[in-house]
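Keep in mind the model is a prediction, meaning the values are calculated, not measured. Lettering of chains follows the sequences in order, A, B, ..., and the numbering in each one begins at 1.
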2 protein chains.
Amino acid sequence: MAGRTRKSSSKRATLADVAQVANVSAITVSRVLNHPDKVSDDLKRRVQEAIDSLGYIPNQSASSLASARSRVIGVAIPSLSNIVFNDVLRGIYDVADANGYKVLLVDTHYSPLEEEKMVRTLLSQSPEAMIITGGDQTRACHRMLESAAIPVVQMMEILDKPLDMNVGFSHYQAGYDVAVRLLQTGCKSLGFVGARMDTRTQQRMHGFVKALEERNAYKPEWIVTTPEPSSIALGGELLRSLISTSSGAIDAIFCCNDDLALGALFESQRMNIKVPGDLSLCGFNDFETSAFVNPSLSSVHVPRYEMGVTAAQMILDRLEGGNDSRNKVDIGYEIMMRQSTPSLGSSN
Amino acid sequence: MAGRTRKSSSKRATLADVAQVANVSAITVSRVLNHPDKVSDDLKRRVQEAIDSLGYIPNQSASSLASARSRVIGVAIPSLSNIVFNDVLRGIYDVADANGYKVLLVDTHYSPLEEEKMVRTLLSQSPEAMIITGGDQTRACHRMLESAAIPVVQMMEILDKPLDMNVGFSHYQAGYDVAVRLLQTGCKSLGFVGARMDTRTQQRMHGFVKALEERNAYKPEWIVTTPEPSSIALGGELLRSLISTSSGAIDAIFCCNDDLALGALFESQRMNIKVPGDLSLCGFNDFETSAFVNPSLSSVHVPRYEMGVTAAQMILDRLEGGNDSRNKVDIGYEIMMRQSTPSLGSSN
DNA sequence: ACGCCTAATGATAGCGCAAACATTTACCAT
DNA sequence: ATGGTAAATGTTTGCGCTATCATTAGGCGT
């Protein structure tokens, strides 16, 4: 009666199929989905029934192609294993989800070359904005991002000359401040343990070293680094190595992250080194473990979730709001002095 | 000379633009990118130069629409904060990347309704396959996945009737085995601490309880659960609660994950409860911390990275290989007995 | 009654690409 | 020379959707 049935099964339903079932034009179906205020309630109902009965799911590729809007935000992080990025991602996802954006996430493995490849992949999806990590991109990568002409947020660190927008904090200053605080607690011989040594880790180290130099407390041989990725196990190994090269002279160690610091703490316990009696320890990132381990671990707290939220919001402001929004946000950090470092009062 | 220049700037270059510059047809450019073996070296070079000079990046939406191939794998996990999924994701990403697939990742927040919404979002991107977590989907979600007619892997647990493919392990059996092992070490009064209580956590609990029941060691009041998400802090709180309701009679606790177990361990230390002297603890998931903390924490090790790799490989086998591949993989687990539980020999 | 506005709906075209089919060229066996 | 084949390249078409521009119907002031 109502004309021949089309591809009733096996093939995904299209707008046209829905339109036919609802006996309206295709564009009306499109409007029901994208501009429901422009369609009468009557038709809206009819179309919705057709959609439900067919199990219609819009083809986003066709939509993107026709409308030049993808509702995708590309995100590049250097590591999926480093749980630091979990919190950031959660912030990004929360804001993106709430605003109808999808996140396309790639892992650059801390390599600018891989990042370039991944950014190319992301751009081929026509994202409406990008969130990338740090400022250490290849020139080709910069060029791609520029000619993409979309909002770009560089996150995790504050950059002198961001490509576009920027949210993060100064790792250099954080490292500097840690050195100052450790010295304030009465520690005299400070060492540094770092792994992976990406640019942000290096900045922490440079800030730390700078503070020591300014106070004549810098000993190059008390800096131990490795390109290996951080781990708790590695923290233990590096502690041993530093203890042996320093012949036990060191009384405080700044570990470039909490993995290493926890590893150092656990290893100290096994070596019967008292923390903070014999040795003070300070980590970075402030994992939940750090606050609860015994002795609790001093660390640098960074509002990672807020950083992710901020990155996503900056983008949405640009995409939707349009007007003069923030281009650079220093999200700050806080040094949490806990039991692994001496309490103040016994010094100065 | 060579005709009018087109949109030289500001607009993204297209295949046609590249074709014009290289003085070939559009399809040749397409072939250089997708079937380079079908183009002469001469043209390949000319086209590549044009691509480079224009900074051409293919429009994946158009490609997907025209070819009905998206090279996207949709992945739904219940939580971005739970680091258990990091390792799984890493496995998925490693395999996907290596084979030219992109991953579109969504977070369902442990809610089947949200999962349904997210799966709809994923399907609208025309993924070529899906990896979802567990078997607790809504009927509508199942229907969508079925009519999508793409490979689907349900991961993290072994299901009786998977939708399609399945990789995981038996949480029930793992919980059961933990109870048996704890009893074998001489513990008599076993408690359970659980948070979030998603289906997999419940299965662990049920297996644990079953083993106790069979041995007349089950005390319902020694099971403490909460729908709150797990955390180290919560582990401490739940320990206190269990200790007080049991008046200290309990001599071993199985925590549904290592967050809770570490929290319980740290809190025990603060309460001056000797582990394992006064109280044995066993966690689940085997975080790196668990192996290094003092005393080291017994836990159930799960090959999460391998699970992610396997999930992705099962999909690739179907997408590319085509022939009879594995439909169900039990990835197994291993109970790691460490210092937080009594060593064998003093019992049985 | 007339023009004029707005709201609701439809027809058409085209987004950028690749599948399918067509054409050209080169080379070879006979 | 002839037909036959394979390799290299081109032409056409349409994927599913939405922007744009009609068109129609209804309301309203004069």
Point to revise | Euclidean distance, A/Asn99 CG relative to A/Tyr101 OH, rounded to 0.5 Å | key: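 With rounding to 0.5 Å, OH (A/Tyr101) is 7.5 Å from CG (A/Asn99).
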I'd like a list of close polar pairs between nucleotides 17-24 of chain D and the protein, N/O only, cut-off under 3.5 Å.
{"from": "D/dC17", "atom 1": "OP1", "to": "A/Tyr56", "atom 2": "OH", "distance (Å)": "2.2"}
{"from": "D/dC17", "atom 1": "OP1", "to": "A/Asn59", "atom 2": "N", "distance (Å)": "3.3"}
{"from": "D/dC17", "atom 1": "OP2", "to": "A/Leu15", "atom 2": "N", "distance (Å)": "2.3"}
{"from": "D/dT18", "atom 1": "OP1", "to": "A/Asn34", "atom 2": "ND2", "distance (Å)": "2.8"}
{"from": "D/dT18", "atom 1": "OP1", "to": "A/Ser63", "atom 2": "OG", "distance (Å)": "3.3"}
{"from": "D/dT18", "atom 1": "OP2", "to": "A/Ser30", "atom 2": "OG", "distance (Å)": "2.6"}

Revision key, fill the gap. Axis-to-axis angle across the helix from C/dA1-D/dT30 to C/dT30-D/dA1, five pairs each end, nearest 10 degrees, ~ 40°
Distance in angstrom units between [X] [atom1] and [N] [atom2], rounded:
{"X": "B/Asp42", "N": "D/dA7", "atom1": "CG", "atom2": "P", "value": "18 Å"}
{"X": "A/Asn23", "N": "C/dT9", "atom1": "CG", "atom2": "C1'", "value": "13 Å"}
{"X": "B/Leu65", "N": "C/dG16", "atom1": "CG", "atom2": "C1'", "value": "9 Å"}
{"X": "B/Arg46", "N": "D/dT9", "atom1": "CZ", "atom2": "P", "value": "9 Å"}

Check your understanding: Can a side chain N or O of B/Ser40 be found less than 4.0 Å away from OP1 or OP2 on D/dA8?
Key ->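 B/Ser40 to D/dA8 OP1/OP2: no side-chain N or O under 4.0 Å.
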Check your understanding: OP1, OP2 of C/dC17 versus side-chain N and O of B/Ser61: anything below 4.0 Å?
Key ->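 False: B/Ser61 side-chain N/O out of range (4.0 Å or more) of C/dC17 OP1/OP2.
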Check your understanding: If you look at every heavy atom in A/Gln137 and A/Ile132, which pair is closest and at what distance?
Key -> NE2-CD1, 3.4 Å
Check your understanding: Are A/Asp317 and A/Gln313 close enough, and set up right, to give a side chain to side chain donor-acceptor pair (under 3.5 Å), and what steps lead you there?
Key -> CA-CA 6 Å; A/Asp317 284 357; A/Gln313 278 177 343; over 6 Å; no
**Study point:** Residues forming a side chain to side chain contact (heavy atoms under 4.5 Å, CB included) with A/Asp198, sequence neighbours excluded
**Key:** A/Tyr110, A/Arg196, A/Arg200, A/Thr201
Review point. Who pairs with B/Thr28 by side-chain hydrogen bond (donor to acceptor under 3.5 Å, both in side chains), at least two apart in sequence or on another chain?
Key: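 Counting only residues at least two positions away or on another chain, B/Thr28 forms a side-chain hydrogen bond (donor to acceptor under 3.5 Å, both in side chains) with B/Ser25.
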**Study point:** Near-strand residues of residues 120-127 of chain B, defined as heavy-atom separation under 4.0 angstrom from DNA chain C
**Key:** none
Practice item. Could I get the full list of salt bridge (charged side-chain N to carboxylate O under 4.0 Å, His left out) partners for A/Asp160, not counting sequence neighbours? Key: none
Practice item. Show your reasoning for whether salt bridge (Lys or Arg N to Asp or Glu O under 4.0 Å) applies to A/Arg120 and A/Glu116. Key: CA-CA 6 Å; A/Arg120 193 187 312 278; A/Glu116 177 184 325; 3.3 Å; yes
**Study point:** B/Lys38 atom NZ, neighbour heavy-atom count above 12 within 6.0 Å
**Key:** no
Exercise for review: Output yes when A/Asp164 and A/Arg318 qualify as a salt bridge under the 4.0 Å nitrogen-oxygen rule, no when they do not.
Suggested key: yes
Practice item. Keeping the roles fixed (side chain from B/Asn327, backbone from B/Met165), state whether a donor-acceptor pair exists under 3.5 Å. Key: no
Review point. How far apart are the C-alpha atoms of A/Glu320 and A/Arg71, what are their side-chain angles, what is the distance that settles it, and do they pass the salt bridge (Lys or Arg N to Asp or Glu O under 4.0 Å) test?
Key: CA-CA 12 Å; A/Glu320 322 233 297; A/Arg71 295 232 147 222; 3.8 Å; yes
